[in-house]
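Because the structure is a prediction, the values reported are computed rather than measured. Counting convention: from 1, in listed order, for ligands and their atoms alike.
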Amino acid sequence: MERHAIVIGAGLAGSSAAERLAARGWRISLIDRAAAPGEGASGNRAGVLRPLPSLDDNRLARLTRAAFEYALSHLQALTAAGQPLRWGQTGVLHLARDERHAATQQRVVAEQSPPAGYLRWLDRTAASELAGWPLAGGGWWFAGGGWVDPASLCRANLARHGAAVVPHYRRQVDRIDYEDGCWRCFTGSGELIATAPVLILANASDARRFPVASHLPLRPARGQVSHLPAAAGSPPAIVVCRLGYVTPAIDGLRCAGASFAVDDDEAGLRAADHAENLARLELILPGYGRQLDAAGLDGRVGFRPLSPDRLPMVGAVADAALIEPGSAGTSLGELPRVPGLYLSNGFGARGIVWSALAGELLACRIDGGQPAIAADLVDAVDPGRFLLPGRRQRRAAGTPR
Ligand SMILES: Cc1cc2nc3c(=O)[nH]c(=O)nc-3n(C[C@H](O)[C@H](O)[C@H](O)COP(=O)(O)OP(=O)(O)OC[C@H]3O[C@@H](n4cnc5c(N)ncnc54)[C@H](O)[C@@H]3O)c2cc1C
């Protein structure tokens, strides 16, 4: 088979998949309706990179740990390759929500004994000292975490292998079809944009516009981030989270966020959402935002591609049309797949964490090779999971997603 793939979407998902395949010698035709990479959800000035541990070390915890570590090595490799990536490994302080959560955070550290460079618990005094701000309580300290400018990561991914990635910007794919072993992507006026044996849908929730992917439970979740004026060198110089986040000052601004509303398509900024972000900020850095007027703030709106179980969707697209309604006992391995059609999607609120590992995993699925994660985690992100009998029954019965 010709080692040529089309990727629809030049955000974190598409650019990471393109980079990992190009590293293996593939040619990539990259299509995006925007004029440049990282113009969709991946266009915030900065977002947070950190894992999410849990007491039972569940799949989300294991996956975010693997993804966090993979992301760090990927960012370091891009930087070492001379790519003008913007990120800061400042550390991330994840404050406990309340007393109960603080006790859980401490138990996680006591019972799992993670390396101190990965995770430590800090009490209120130590946390406040680190933040340079009087905080309401303590929390987890991820010394290796930090902030990333996601659009710079998209650009770095796409530039890393030079001419291997051929971009087609300002082109919206309205229709795809599969003929003679090749996928073809067309504009609304019927113009052919690209043809290749492999097609990767990394176009966020818009993937559902294509009938072969319309069964996927992807939903857009609107998010608004607020930009707060901040003097260079002012505290905190680390990322601080508590039911939201605030970054260090980057080019004279901190990012504070973020609102979260499913199926809300308003693209413009809303003062009410800035006010919500300032309320979150009050929980994070008491007093910091009291002088700020929500009506006068700038910011950015994006639409996260949300997956119902908060795990990404990475792998071959299952052929829903070939699955008998009511068929029992089907496993992921037995699901029929659409030839040459793959997905890297559903990153929700964690695209910075997921994207590099998702790109690598997808490249392994397409090109062969051992994934960097355990088999049960590969299954956990398989897009076919939503077509397994138990899931279908729950959805048919109206179980909340
Ligand atoms: C306010 C906010 C705050 C966030 N904070 C964080 C954070 O702190 N940490 C973190 O890890 N994550 C964060 N995220 C989540 C992260 O940004 C997303 O998970 C990630 O950007 C999703 O990447 P993507 O490539 O799937 O989608 P996108 O970046 O939206 O990329 C999809 C691309 O597909 C293109 N496209 C769509 N349809 C078509 C079509 N038919 N034809 C051609 N092109 C098409 C779009 O133009 C777009 O460029 C945040 C998101 C938001 C909105």
Side-chain angles (χ1 to χ4, degrees), residues 6-18 29-52 64 67-68 71 87 92 94 145-151 153-154 157-158 167-176 185-188 193-194 200-210 213 218 220-227 239 241 244-247 255-261 264 267 269 273 276-277 299-307 310 312-314 343-356 358-359:
I6 301 170
V7 177
I8 308 178
L12 286 171
S15 67
S16 303
S29 299
L30 177 86
I31 309 173
D32 201 294
R33 62 187 172 201
E39 296 271 306
S42 311
N44 287 341
R45 297 173 72 96
V48 185
L49 174 64
R50 58 145 175 165
L52 190 66
T64 55
F68 173 72
W87 68 298
V92 176
H94 177 159
W147 62 269
V148 177
D149 167 344
L153 175 52
C154 298
N157 279 332
L158 297 176
H168 302 263
Y169 294 124
R170 298 193 176 89
R171 308 303 289 278
Q172 172 158 307
V173 181
D174 277 348
R175 187 169 67 80
I176 57 176
C185 294
F186 298 91
T187 63
I193 309 170
I200 298 169
L201 304 179
N203 54 324
S205 315
D206 190 73
R208 291 189 62 169
R209 78 159 62 222
F210 307 122
L218 279 165
R222 183 186 184 279
Q224 180 170 316
V225 71
S226 304
H227 297 160
V239 178
C241 309
Y245 63 87
V246 60
T247 69
C255 295
S259 65
F260 192 100
D264 170 347
L269 289 168
D273 287 36
E276 210 186 283
N277 286 338
R300 186 175 188 278
V301 172
F303 295 89
R304 311 164 179 94
L306 202 63
S307 156
R310 303 296 189 265
M313 305 178 189
V314 185
L343 193 76
S344 190
N345 216 314
F347 288 3
R350 297 199 174 90
I352 293 172
V353 188
W354 295 135
S355 61

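To the nearest 0.5 Å, the span separating CD1 on Ile31 from OH on Tyr169 amounts to 11.5 Å. Distance check, rounded to the nearest 0.5 Å: CG of Asp32 to CG of Leu158 gives 9.5 Å. Note: Leu201 CG to Asp206 CG = 9.5 Å, rounded to the nearest 0.5 Å. If you take NE2 on His168 and CD1 on Ile6, they are separated by 8.0 Å, rounding to the nearest 0.5 Å. Residue Ser16 holds its OG atom at 6.5 Å from CZ of Phe347, rounded to the nearest 0.5 Å. Separating the SG atom in Cys154 from the CG atom in Leu12 is a distance of 4.0 Å, to the nearest 0.5 Å.
By the 3.5 Å distance cut-off applied to N or O atoms, Gln224 is not counted among the residues near ligand 1. Considering both main-chain and side-chain atoms, Gly14 never comes within under 3.5 Å of ligand 1 through any nitrogen or oxygen pair. Residue-to-ligand polar distances keep Pro305 apart from ligand 1: every N/O pair is separated by 3.5 Å or more. Checked against a 3.5 angstrom limit, the closest N/O atoms of Val173 and ligand 1 fall inside it. Note: no N/O pair closer than 3.5 Å links Ala258 and ligand 1 by distance alone. Inclusion of Asp32 in the set of residues having an N or O under 3.5 Å from an N or O of ligand 1 is warranted. For ligand 1, none of its N or O atoms has an N or O atom of Phe303 under 3.5 Å away.
Heavy atoms of Leu12 come nearer than 4.0 angstrom to ligand 1 in at least one pair. Assignment of Arg171 to the shell around ligand 1 is supported, since a heavy atom sits closer than 4.0 Å.
Closest of all the heavy-atom pairs between Gly346 and Ser307 is O-CB, 3.7 Å. Closest approach of Trp354 and Ala67 over heavy atoms only: CE3-CB, 3.8 Å. Gly188 and Asp174 make their closest contact through CA-OD2, 2.9 Å (heavy atoms, listed as atom of the first residue, atom of the second, distance).
Within ligand 1, counting atoms from 1 as listed, the ones closer than 4.0 Å to a heavy atom of Arg209 are 41 (N). Short contacts between ligand 1 and Gly47, defined as distances under 4.0 Å to a heavy atom of the residue, involve ligand atoms 7 (C), 8 (O). The distance from ligand 1 to the heavy atoms of Asn44 drops below 4.0 Å at these ligand atoms: 1 (C), 2 (C), 3 (C), 4 (C), 52 (C). Taking a cut-off of under 4.0 Å to the non-hydrogen atoms of Gly9, the atoms of ligand 1 that pass are 33 (C), 34 (O). Of all the atoms in ligand 1, the ones that sit under 4.0 Å from a non-hydrogen atom of Val353 are 11 (O). Listed by number with element, the atoms of ligand 1 under 4.0 Å from a non-hydrogen atom of Gly302 are 53 (C). Remark: ligand 1 atoms within the under-4.0 Å shell around heavy atoms of Gly11 are 25 (O), 29 (O), 31 (O). Heavy-atom proximity to Val48, at under 4.0 Å, picks out these atoms of ligand 1: 7 (C), 8 (O), 9 (N), 10 (C), 11 (O).
Protein heavy atom in closest approach to atom 27 (O) of ligand 1: Ala204 CB, 3.8 Å. Of the protein's heavy atoms, Gly351 N, 3.7 Å lies nearest to atom 16 (C) of ligand 1. Protein heavy atom nearest atom 11 (O) of ligand 1, with residue, atom name and distance: Ile352 N, 2.9 Å. Looking from atom 14 (N) of ligand 1 to the surrounding protein, the closest heavy atom is Ala349 O, 3.8 Å. Counting protein heavy atoms only, atom 51 (C) of ligand 1 is closest to Arg304 CG, 3.6 Å. For atom 36 (N) of ligand 1, the closest non-hydrogen atom of the protein is Asn203 CB, 3.7 Å. The shortest contact between atom 44 (N) of ligand 1 and any protein heavy atom is with Arg33 N, 3.1 Å.
Only side-chain heavy atoms of Ile8 come within less than 4.0 Å of ligand 1; its backbone N, CA, C and O stay farther off. When non-hydrogen atoms are compared, ligand 1 lies under 4.0 Å from the side chain of Asp206 (C-beta onward) but not from its backbone. Residue contacts with ligand 1, taken as heavy atom pairs separated by less than 4.0 Å, involve Tyr245 solely via side-chain atoms from C-beta onward. With a 4.0 Å cut-off on non-hydrogen atoms, Ser15 does not touch ligand 1 at all. At a heavy-atom cutoff of 4.0 Å, ligand 1 is contacted by the backbone of Ala202 but not by its side chain. By the criterion of a heavy-atom distance under 4.0 Å, both the backbone and the side chain of Ser42 are placed next to ligand 1.
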**Request:** Apply side chain to side chain contact (heavy atoms under 4.5 Å, CB included) to Val48 and Ile352, showing your working.
**Result:** CA-CA 7 Å; Val48 185; Ile352 293 172; over 6 Å; no

**Item:** Trace of the side chain to side chain contact (heavy atoms under 4.5 Å, CB included) decision for Cys241 with Val92
**Value:** CA-CA 7 Å; Cys241 309; Val92 176; 3.7 Å; yes

**Trace of the side chain to side chain contact (heavy atoms under 4.5 Å, CB included) decision for Asn203 with Phe210** = CA-CA 11 Å; Asn203 54 324; Phe210 307 122; 3.5 Å; yes

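If you check each of Gly348, Ala358, Ala41 against atom 15 (C) of ligand 1, the one with the closest non-hydrogen atom is Gly348.
A donor-acceptor contact shorter than 3.5 Å links the side chain of Asn345 to the backbone of Ala204. Under a 3.5 Å cut-off, the side chain of Ser344 and the backbone N or O of Ala358 do not form any donor-acceptor pair. Looking at Asn277, its side chain does come within 3.5 Å of a backbone N or O of Gln224 through a donor-acceptor pair.
Annotation: side chain to side chain donor-acceptor pair (under 3.5 Å) contacts involving residues 43-52, sequence neighbours excluded, comprise Asn44-Arg300, Arg50-His94.
A 4.5 Å side-chain heavy-atom check between Cys255 and His227 finds at least one atom pair inside the cut-off.
In terms of the salt bridge (charged side-chain N to carboxylate O under 4.0 Å, His left out) criterion, residue partners of Asp273 (sequence neighbours excluded) are, by chain and number, Arg222, Arg270.
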